Amino acid sequence: MDVKIKNVLNQLKILRSLKARIFIIVFLIGIIPSIVMRYGILNSYEDRAVSLRTSDVQRQLNIIANHLITYSYLTDTSSEVISAELEQLSNLYDGRVIIINSNLKIIKDTYGISEGKTIISEEVVKCMKDGAGGSSHNEEYAYIEFTTPIVEAVPAAEGQDAAKNGNEEKKKDIVRGVMLTSVSTDSIIATLDILSRKALIMEIMMLFIIFAIALVLASILTKPFERVTKAISEVKEGFTDEPVSVPDYLETEHIVDAFNQLLSRMKVLDTSRQEFVSNVSHELKTPITSVKVLADSLLAQEDVPAELYREFMVDIAEEIDREDKIINDLLSMVKMEKNVATMNVSVVDINALTEIILKRLRPIARKRDIELVFESNRAVTAAVDEVKMTLILTNLVENAIKYNKEQGAVKVVLDADHQFFTLEVIDTGIGIPEDSLEHIYERFYRVDKSHSREIGGTGLGLAITRNAVLLHRGSIKVSSKEGEGTAFTVKIPLS
Ligand SMILES: Nc1ncnc2c1ncn2[C@@H]1O[C@H](COP(=O)(O)OP(=O)(O)O)[C@@H](O)[C@H]1O
Ligand SMILES: [Mg+2]
């Protein structure tokens with residue numbers, strides 16, 4: 001049962017194709033009117049032919065009825081003229097005429113079988129009484145039946161009601177008999193059959209023509225969509241770098257526009273990925289190269305004094321530390337990438353956290369005689385990811401110390417309102433040139449490569465910081481003046 005339903009649905013799947021739908025619609029639009037027209041025309045032909053035949057025969061019957069009186073046929077059936085007329089009528093329409101006199105006796109039957117019999121059919125009696133004739137079409141047996149009164153106009157005085165109408169000059173119609181006629185409609189039906197056959201042939205021809213038209217139309221109308229598919233798969237296979245263009249329809253243009261936007265976005269992503277990979281390789285290579293140079297120069301000399309070994313080994317250890325830091329930064333950055341980062345939210349005492357971080361960094365600050373102060377305007381607890389929050393603060397304060405002057409100062413200010421808390425890291429350092437401000441959050445960007453080299457760093461710190469802030473749905477701002485100092489402001493929702 002289930003399989004059956006599935007099969008049907010699978011077969012119906014073809015209806016989901018635009019081509020199939022266009023084909024079906026065009027085909028129906030083409031074929032339905034021709035079928036309707038055929039039936040309409042054939043039906044109306046039959047009606048019209050029957051009514052023409054009826055009035056033709058009726059007219060002739062009226063003439064014959066008059067002649068019957070003129071030739072007194074009702075009392076004497078020997079008239080040649082009438083016989084000829086009756087003969088002609090029955091031959092012409094393949095019909096039968098029965099003439100009945102006022103005693104309901106059949107005095108003439110063109111078939112010659114019922115003469116002398118008495119007929120008491122309702123129509124005959126009725127017609128005899130009131131002189132009203134008529135006709136009816138019997139479709140099933142294919143004939144038309146006529147009841148025609150045979151009427152004689154006599155002066156009123158001679159009529160049966162002479163006493164009543166005696167003083168009137170008028171003539172009165174008296175029914176002397178009735179003619180019962182039936183004519184066959186076989187010839188009409190035969191014509192109808194021929195017509196119907198011809199119409200059917202026409203219709204079948206139309207069917208083929210419309211089929212072909214529908215097929216052609218369906219494939220022409222859906223061509224542009226196939227072109228879209230083709231163009232897109234060419235891009236997929238790396239055929240072309242050009243934007244796709246299928247301007248045939250507004251719809252295809254929209255699809256293609258959207259696709260091109262996606263394409264250019266992907267190209268940007270791809271470029272930045274390549275840039276990133278080459279930057280990472282370069283950054284990772286630099287310390288290794290240094291280590292190699294240091295090691296080689298030691299190996300190149302013989303009898304190297306122990307102090308020199310020590311000195312070089314200290315440098316090598318520094319380079320390894322640097323490598324380690326780069327790798328650590330890379331790892332935190334990868335973890336921070338929006339699509340893979342998971343937030344480990346807990347309620348954190350921001351004051352306490354800041355204190356801990358500052359305590360950890362104080363030794364570095366002291367080395368350069370830099371004052372490190374924490375100014376808390378209120379107690380703040382917030383729902384944050386503690387590890388990421390630590391990264392944010394550590395990076396900002398570290399920078400403020402690193403890019404500071406001897407005996408400079410770093411101030412961390414914590415404040416909050418009912419929705420956000422803000423952390424400001426203000427330093428009295430070297431500042432950031434204005435045209436560099438927009439780049440500092442880029443991965444590996446460093447304002448002064450040569451100078452930064454001796455300070456140490458990867459250029460990843462602010463990229464990591466910004467990602468961490470954004471993951472908290474916060475914002476980060478910077479204001480700086482070269483030679484005077486820099487202030488970073490981080491604003492993060494409390495929950
Ligand atoms: N407080 C600051 N004062 C001056 N320059 C800064 C400050 N913070 C960052 N910068 C500049 O922005 C660059 C990028 O910072 P960051 O991403 O932390 O990388 P890194 O510290 O590893 O060089 C730094 O190299 C530095 O030139
Ligand atoms: Mg840094």
Side-chain angles (χ1 to χ4, degrees), residues 272 275-276 279-287 290 318-319 321-337 354 357-358 360-362 364-365 367-374 388-413 422-471 475-490:
S272 90
E275 229 166 61
F276 178 69
N279 278 343
V280 167
S281 324
H282 178 77
E283 292 298 320
L284 288 177
K285 224 175 159 238
T286 319
S290 304
E318 260 175 23
E319 290 301 330
D321 279 348
R322 192 166 133 71
E323 183 86 16
D324 188 53
K325 186 162 169 33
I326 295 172
I327 290 170
N328 277 337
D329 276 1
L330 274 172
L331 286 178
S332 2
M333 204 192 58
V334 169
K335 274 191 219 148
M336 209 73 74
E337 287 294 318
T354 312
I357 291 165
L358 291 189
R360 211 182 286 155
L361 292 171
R362 204 151 264 136
I364 312 172
K367 248 191 237 165
R368 300 189 62 203
D369 210 2
I370 290 166
E371 192 190 7
L372 195 52
V373 283
F374 177 36
K388 294 187 176 79
M389 201 61 225
T390 308
L391 274 174
I392 294 172
L393 256 178
T394 309
N395 272 316
L396 289 180
V397 178
E398 217 176 52
N399 281 348
I401 298 169
K402 273 197 318 195
Y403 304 105
N404 217 318
K405 298 166 189 159
E406 295 281 325
Q407 289 160 351
V410 175
K411 190 163 77 172
V412 179
V413 183
T422 52
L423 270 166
E424 273 179 283
V425 181
I426 307 156
D427 67 56
T428 57
I430 56 174
I432 303 167
E434 200 165 338
D435 53 344
S436 293
L437 275 178
E438 54 179 318
H439 297 295
I440 53 172
Y441 301 110
E442 289 168 15
R443 297 178 295 199
F444 299 113
Y445 182 82
R446 315 191 70 191
V447 173
D448 177 359
K449 281 254 170 197
S450 57
H451 181 67
S452 307
R453 179 87 180 85
E454 65 210 48
I455 297 176
T458 59
L460 289 172
L462 284 180
I464 295 168
T465 304
R466 200 177 89 102
N467 270 344
V469 171
L470 292 184
L471 280 172
S475 64
I476 181 165
K477 278 196 200 104
V478 61
S479 69
S480 184
K481 207 159 196 189
E482 249 191 300
E484 283 182 23
T486 308
F488 281 91
T489 311
V490 171

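What you see below is based on every heavy atom in this structure, not just the backbone, and it leaves out hydrogens, waters and symmetry mates. We count residues from 1, following the sequence as given. First listed ligand is number 1; within each ligand, the first listed atom is number 1. On a predicted model such as this, the values are computed, not experimentally measured, just so you know.
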Trainee: Please report whether ligand 1 has a polar contact with Leu462, defined as an N or O pair separated by less than 3.5 Å (distance criterion only).
Mentor: yes
Trainee: Examine the proximity of ligand 1 to Asn404 and report which part, side chain or backbone, both or neither, has a heavy atom under 4.0 Å away.
Mentor: neither
Trainee: Look at atom CZ of Arg466 and say whether more than 12 heavy atoms of other residues, nucleotides or ligands are closer to it than 6.0 Å.
Mentor: no
Trainee: Can you sort out which atoms of ligand 1 are near Gly459, meaning under 4.0 Å from one of its heavy atoms?
Mentor: 17 (O), 19 (O), 20 (P), 22 (O), 23 (O)
Trainee: Examine Phe488 against ligand 1 and note whether any of their N/O atoms are separated by less than 3.5 Å.
Mentor: no
Trainee: For Tyr445, counting its heavy atoms only, list the atoms of ligand 1 lying under 4.0 Å from any of them.
Mentor: 13 (C), 14 (C)
Trainee: Between Phe444 and Val280, is any pair of side-chain heavy atoms under 4.5 Å apart?
Mentor: yes
Trainee: With the threshold set at under 4.0 angstrom, would you say Gly429 reaches ligand 1 through any of its heavy atoms?
Mentor: no
Trainee: Considering only heavy atoms, which of Ile440, Thr486, Leu460 lies nearest to atom 12 (O) of ligand 1?
Mentor: Ile440
Trainee: Can you label the angle between the Phe488 ring and the Tyr441 ring as parallel, tilted or perpendicular, going by 30° and 60°?
Mentor: perpendicular
Trainee: Scan for salt bridge (Lys or Arg N to Asp or Glu O under 4.0 Å) pairs involving residues 404-413, sequence neighbours excluded, and state none if there are none.
Mentor: Arg368-Glu406, Glu375-Lys411
Trainee: Do any of the N, O or S atoms of Asn399 sit under 2.8 Å from the Mg ion (ligand 2)?
Mentor: yes
Trainee: Going by heavy atoms, is Asn395 under 4.0 Å from ligand 1?
Mentor: no
Trainee: Under 4.0 Å from ligand 1, counting heavy atoms only, is it the side chain of Glu398, its backbone, both or neither?
Mentor: neither
